[in-house]
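Notes follow once the structure below has been shown.
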Amino acid sequence: MPNRTSSFFSRPGLLFAVLGLVALLAPFVTLAANRIVAGVGVPVWDIAAANTTIPGLAVLLAGLALGLPAALPKLRLLGATVGVAALVWLLMQGSTSLLEGAGPYARVSLGSGFWCLLAILLLLAADALSALSPGPLMRAGLLVAAIIALVLVLWSGALADLSIYREYISRHDAFFDAAQRHLGLAFGSLMVAAITGFPLGVFCHHNEGLRGSVLPVLSFLQTIPSLAMFGIMIPLLAWVSSTIPGAKELGVAGIGFLPAFLALVIYSLLPVVANTVAGLEATPPVTLDAARGMGMTRQQRLIQVQLPLGLPVMLAGLRIVLVQNIGLAVIAGLIGGGGFGTFVFQGLNQTATDLILLGALPTVTLALISAITMDILVELTRPNSVRHG
Amino acid sequence: MIEIDNITKVYDGRAAVDSVSMTIESATITAIVGTSGSGKSTLLRMINRLVEPTSGEVRINGELTTDLEKNALRRRIGYAIQGHGLFPHHTVARNIGAVPQLLGWSKDKISDRINELLNLFSMPPEEFRDRYPAELSGGQQQRVGVARALASRPDLLLMDEPFGALDPIIRTRAQADLHRIQRTLGSTILLVTHDMEEAIQLGDQVAVMDQGRLVQHGTPADIITSPATRFVAEMVGGVDRPLRLLSLLPLSEIVEAGEAEGPPINDQASLRDALSVCLGSGRNTLPVERDGALIGRVTLEAIRSRAEGTHEPR
């Protein structure tokens, strides 16, 4: 009865369960003598006493098993949640017990087994969610719940024995400065790009000649590799600062926040302008003809018809920019622009993997949250016809 | 009354519309027929100045269209097009109220007008006002498109292939609706179509265009019985012409005194319907009734005599 089996068990669920079992064999965490040297992998059953690991493992396996029945996506989502909770609990218990008597500088870092299991459980959650296809408000609710859970786990200090958490403790103040700076770079450049890009897009829409010259230039700028772009800013702004009177007093300098900010704005312009033009052109020609024929002025057509109909496409442009800039802002660390990139480059210099992660993980999390939030916004601005119909 | 005076539109040295003059009487439907590229849509679009004429002028009730600001002119002229062009992000009510809103009518007045039009088009306001165009059938969307064009009680309604996107059964019903509403409101309508059948059914006057020129302008019966050119004759469809002519004539025109066998036929039916009944039932005479009372008969001979002389183009 192969048919019955395949319809009862979700195929991705089976795959995730098998992969999860394999991932259990990989080192769950690594134990190192200090924060620089390479660690030794520890399998999950060795991280603590059996009376701790066995219940933890049992819950983890139960989570994977709950992911199997194809017809019950809610149960599968619960399985993923239970699995992640078990992972965190194992990590909590393991890091504390491994550090006992391991020396004052010993570090416990996340191992390949943990990352694989986390990825598998998140894929399981994503697969279950796509079967549930929740509405925008439901998705927003789930996102908020996930963020609250993450903050609570980090806030409680339950993972305080992990190496990455220790890196965080020793840079507590710098971390929040970097976060603030990173958000400032990403959202600030987004704002400037939107304020300049929307009008530019509207002009390009009305003026074919302008479009023919603006879009290729912006496309060209987009092709400049990010390291080169940040590099170009240094001599350029240094020159401005030294030749234009008053520029230096205003804080213009070759390195620091401003050159990084400018580079991000330049990268943002193409998606904003191109999507504004595409959004304005998304109005069906008959609708536009009808609007003209009923006596709407150009401005009325723009505000009452083209902008509302093009808004989802224009917001999709902002989504691209936001996710792109959160990632690119890491490079700003290289030219003294601050942000999470500072930790990444410090970590690279010190070969301290957990310091790199301290910069990389928040960046990834931020980009994910932004992407999901913008997707929800795009969906909410779709014309009513699509949402209802 | 709409007067089109020697109007021409030249694109790249080629006249899309070539010195066309015609007069459209108020409270009538004029159908402009032609093949694609005949300039019929360009002619229509020059009236509300979506296309600016190269030369010539248009007067609406004696007033030159160029004396008004473009958008002010367009707000006085209804405009309905193929594929309706409704605003997908606005409700039915907001779509219909679009022009009155541009004209600055009060909210109550707009709302009353929307209800009035929806009732006229047999779409109960309480059911349809708040729907979005995507939630309507093709025929309903088309009716809302026409209602929108009529909302501000325009001097003139321009329609460019308004039924082009509808399937045949819905199209026939939409044409009948338009006819009824035009008679109720007394609107002046200028309608562009590529379908001679539609022009003959709807038009009080039919204007045939070929390669930018107006080749014939007259009543449907004129066009069928005496086509001015071979092109018009082809448009009215060669062998079908006698039948088309018969479909225009009501039975009441040829009723004669007398009796006949079999079930009666209503005097508002066309001669074409009567011919069909004769052929189908194998009878040479049919009794004719009006409001349930027999008023006489119609003979196959009389029908035939009305169709004679139309079988060959001049």
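Labels below follow one simple rule: chain letters A, B, ... track the order of the sequence lines, proteins then strands, and each chain is numbered from 1.
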Residues in side chain to side chain donor-acceptor pair (under 3.5 Å) contact with B:Gln175, at least two apart in sequence or another chain: B:Glu198

Do B:Arg148 and A:Met294 have side-chain heavy atoms sitting under 4.5 Å apart? yes

Greatest number of non-hydrogen atom pairs under 4.5 angstrom with chain A, of B:Leu86, B:Val99, B:Leu50, falls to B:Leu50

According to salt bridge (Lys or Arg N to Asp or Glu O under 4.0 Å), who are the partners of B:Arg129, at least two apart in sequence or on a separate chain? none

CD of A:Gln180: more than 12 outside heavy atoms within 6.0 angstrom? no

Do any N or O atoms from the side chain of B:His90 and from the backbone of A:Val305 form a donor-acceptor pair under 3.5 angstrom? no

Interatomic distance, A:Leu309 atom CG to B:Phe87 atom CZ [nearest 0.5 angstrom]: 9.0 Å

When every non-hydrogen atom of A:Gly293 is compared with those of B:Arg74, the smallest separation belongs to O-CB, 3.4 Å

What heavy-atom pair brings A:Ala290 and B:Gly85 nearest, and what distance separates the two atoms? CB-O, 3.5 Å

Would you mind checking which part of B:Arg45 comes under 4.5 Å of any heavy atom in chain A, side chain (CB onward), backbone (N, CA, C, O), both or neither? side chain

Proximal component of B:Glu69, with respect to chain A [non-hydrogen, under 4.5 Å]: neither

Return the OG1 to NZ distance between A:Thr297 and B:Lys70, rounded to the nearest 0.5 Å. 12.0 Å

For chain B, which residues from residues 268-288 of chain A lie under 4.5 Å away (heavy-atom distances)? A:Val286, A:Thr287

Applying side chain to side chain donor-acceptor pair (under 3.5 Å), name anything that partners B:Glu127, two or more places apart in sequence or on another chain. B:Arg131

Tell me whether B:Arg75 contacts the main-chain N or O of A:Gly295 through its side chain, where contact means a donor paired with an acceptor under 3.5 Å. yes

Atom CD of B:Glu52: over 12 foreign heavy atoms under 6.0 Å: yes

Roughly how far, to the nearest 0.5 Å, is CE of A:Met296 from CG of B:Leu102? 5.0 Å

